[in-house]
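Below: one structure, written as structure tokens.
Any value given below was found using the heavy atoms of this structure, including those in side chains, with hydrogens, waters and symmetry copies removed. Here is how names work: the chains are called A, B, and so on, in the same order as the sequence lines, proteins then strands, and each is numbered from 1.
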Protein chains: 2
Amino acid sequence: MSGETWSPPAILIAVDLVILTLRSSELHVLLVERGTEPYRGQHALPGGFLNTADEDIVDAALRELREEANLDLSRLHLEQLGAYGGPDRDPRGRVISIAYLAIAPELPEPVAGTDAARALWTPAADPLSRTTRLAFDHDQILADGIERARTKLERTSLATAFCPEPFTLSDLQQVYEAVWGVRLDQGNFYRKVRGVPGFVLPAGEVRRPTKGRPARLYKAGPRTTLHPPVVRPTLP
Amino acid sequence: MSGETWSPPAILIAVDLVILTLRSSELHVLLVERGTEPYRGQHALPGGFLNTADEDIVDAALRELREEANLDLSRLHLEQLGAYGGPDRDPRGRVISIAYLAIAPELPEPVAGTDAARALWTPAADPLSRTTRLAFDHDQILADGIERARTKLERTSLATAFCPEPFTLSDLQQVYEAVWGVRLDQGNFYRKVRGVPGFVLPAGEVRRPTKGRPARLYKAGPRTTLHPPVVRPTLP
DNA sequence: CGAATAGTGTCTATAAGACATTATACT
DNA sequence: AGTATAATGTCTTATAGACACTATTCG
């Protein structure tokens with residue numbers, strides 16, 4: 001840090017959110033349709049500008065989260081993805097966006113809130129196979145967010161953040177399958193999960209959809225880092 | 001910039017660098033001694049403010065890198081750590097810093113450059129055991145940088161970025177041992193590394209320190225992601 | 001030769017993958 | 001009974017860890 005007396009460059013700080021959840025066993029991301037230029041009418045990640053110079057960045061992310069999505073905020077995972085902002089990112093001027101990854105269990109009423117009319121859940125298919133391009137560099141941010149979620153499933157208990165509590169081990173397995181886009185062997189998955197002490201804790205019992213044997217219920221345990229990790233099937 | 005209804009919050013964008021390298025088989029980080037307030041005389045990560053509103057952030061990071069460290073820029077790894085900036089981070093006003101992790105092999109002359117007098121390599125011991133506190137939130141940034149390097153050693157070929165080419169497998173092993181702070185079995189390490197196709201490629205042969213059998217030389221291969229990963233010994 | 005470092009081989013414990021089997025609900 | 005889902009068990013294979021052994025240089 002050196003300079004002291006020159007006027008600061010005019011740079012706007014934005015916050016963008018990659019909000020992931022599971023809907024009917026599929027990974028979904030919350031998008032909004034832009035009502036103003038630029039990229040009017042196109043889909044984009046929810047977000048907005050920092051209100052004041054002394055607003056905390058995480059607070060701004062939480063504010064946007066409340067405005068856009070009606071999620072279970074009590075069990076919310078929120079982490080920063082990073083800063084995005086090439087000089088030509090926004091035609092209105094220099095904008096640097098701090099992107100956040102948010103993960104929460106689905107709620108009965110998925111989309112409602114101040115700006116709800118503009119918000120919609122869309123399948124978070126791999127950006128490559130995505131038909132429409134997102135505004136700004138949001139395709140890149142979304143891809144980074146999904147990749148972050150995928151890698152963190154291996155070594156952290158992030159998967160439980162997708163599940164309303166209490167959940168069954170089948171629920172948890174569906175999280176891994178949906179986020180990774182693979183099928184896992186049920187028996188091996190059970191053995192793995194229950195072999196990591198503190199990952200999940202027993203809760204009670206219930207039957208789910210009037211079909212088959214009732215499943216045991218669990219809640220997230222105190223362990224946040226997984227040893228040994230739940231390894232993703234090797235692709236190459 | 002067009003005329004806006006509200007003037008943008010006065011926010012300064014800074015770039016800070018966690019520059020890691022290996023010196024005499026120990027992980028070191030480049031620090032500078034601050035010559036101005038605040039935190040005058042205290043150690044800090046090298047960095048500076050964005051020059052202009054249209055300067056690319058990565059360019060600013062590279063500029064600081066050139067100013068502070070005389071490293072092998074041809075084999076440089078540079079990745080973003082994230083944005084840091086609580087409202088009270090800097091007493092001079094609102095500053096949001098984009099932190100980068102830089103990794104490069106050591107050069108014969110380690111520190112020299114424009115602001116070289118202020119720069120010094122210090123052992124990157126775990127921040128907990130560190131005796132002096134860094135300025136601002138740089139202890140946190142440094143800890144995040146080291147942790148990022150540690151996890152990326154497992155699944156990427158990042159370790160080769162620490163080694164001047166060509167390198168021996170012992171050199172590479174020392175990288176893992178220094179960054180992870182563990183001892184690895186040589187035989188198992190050889191088996192592992194050579195079992196990942198494209199991780200390292202043969203180069204020639206040489207003897208290193210007039211002692212013992214000469215070691216084969218390698219250079220970094222095309223593979224950047226490691227399958228299967230080089231797993232860190234389980235701690236808990 | 002001995003010391004020192006490089007590299008290979010081998011045995012064992014552990015974890016993963018495939019897959020069969022049992023368990024418990026429902027209609 | 002028949003079906004559907006949950007949970008456990010078993011066998012095989014791959015991999016990690018420990019460690020002994022051989023190889024090649026130097027003095």
| Does K192(A) have a side-chain nitrogen or oxygen under 4.0 Å from the phosphate oxygens OP1 or OP2 of dA16(C)? | yes
| remark: Whole-Å distance, E205(A) CD to dC26(C) P, equals 11 Å
| note | Looking only at dT8(D), dT25(D), dG7(C), the nucleotide nearest the Y190(A) side chain is dT8(D)
| field | For atom CZ of R183(A) and atom P of dG17(C), their distance in whole Å | value | 15 Å
| request: Take the protein atom CG of L172(A) and the nucleotide atom P of dT5(D), then report the distance between them rounded to whole Å. | output: 19 Å
| said: Can you confirm whether I57(B) sits close enough to Y100(B) that some side-chain heavy atom of one is under 4.5 Å from a side-chain heavy atom of the other? | reply: yes
| query | Given side chains that start at C-beta, do those of L184(A) and P233(A) come closer than 4.5 Å, heavy atoms only? | reply | yes
| Side-chain donor or acceptor of R207(A) under 3.5 Å from a matching atom on the base of dA25(C)? | no
| task | For the pair W180(B) and Y176(B), name the ring-plane relationship: parallel under 30°, tilted 30 to 60°, perpendicular over 60°. | result | perpendicular
| message | Just N and O in the side chain of R216(B): are any of them under 4.0 Å from OP1 or OP2 of dT8(C)? | response | yes
| field | Donor-acceptor pair, side chain of R75(B) and main chain of T160(B), under 3.5 angstrom | value | yes
| request: Mind calculating the distance between OH (Y176(B)) and C1' (dA16(D)) to the nearest angstrom? | output: 15 Å
| said: On DNA chain D, does the nearest nucleotide to P214(B) precede the nearest nucleotide to L169(A) from the 5' side, or the other way round? Give the residue. | reply: L169(A)
| message | When you measure only distances, ignoring hydrogens and angles, does the side chain of D185(A) come within 3.5 Å of the base of dA16(C) through a donor and an acceptor? | response | no
| said: Could you tell me how far apart R194(B) (CZ) and dG7(C) (P) are, to the nearest whole angstrom? | reply: 8 Å
| Over how many whole Å does the gap from F189(B) atom CZ to dC19(D) atom C1' extend? | 18 Å
| Beyond-backbone contact of E26(A) with R23(A), side-chain heavy atoms, under 4.5 angstrom | no
| task | Identify which nucleotide among dT10(D), dG7(C), dT5(C) has an atom closest to any side-chain atom of R191(A), counting heavy atoms from C-beta outward. | result | dT10(D)
| message | Tell me the interatomic distance from D171(A), atom CG, to dT5(D), atom C1', rounded to whole angstroms. | response | 12 Å
| field | Closest nucleotide among dT5(C), dC19(D), dA25(C) to the K211(B) side chain | value | dT5(C)
| Residue mapping more 5' on DNA chain C - nearest nucleotide basis, S170(B) or G187(A) | S170(B)
| Side-chain donor/acceptor of R213(A) to base of dA25(C), under 3.5 Å | no
| field | Rounded distance in Å - CD (E154(B)) to P (dA16(D)) | value | 12 Å
| query | If only side-chain N and O atoms of Q186(B) are considered, is one of them under 4.0 Å from the OP1 or OP2 phosphate oxygen of dG7(C)? | reply | no
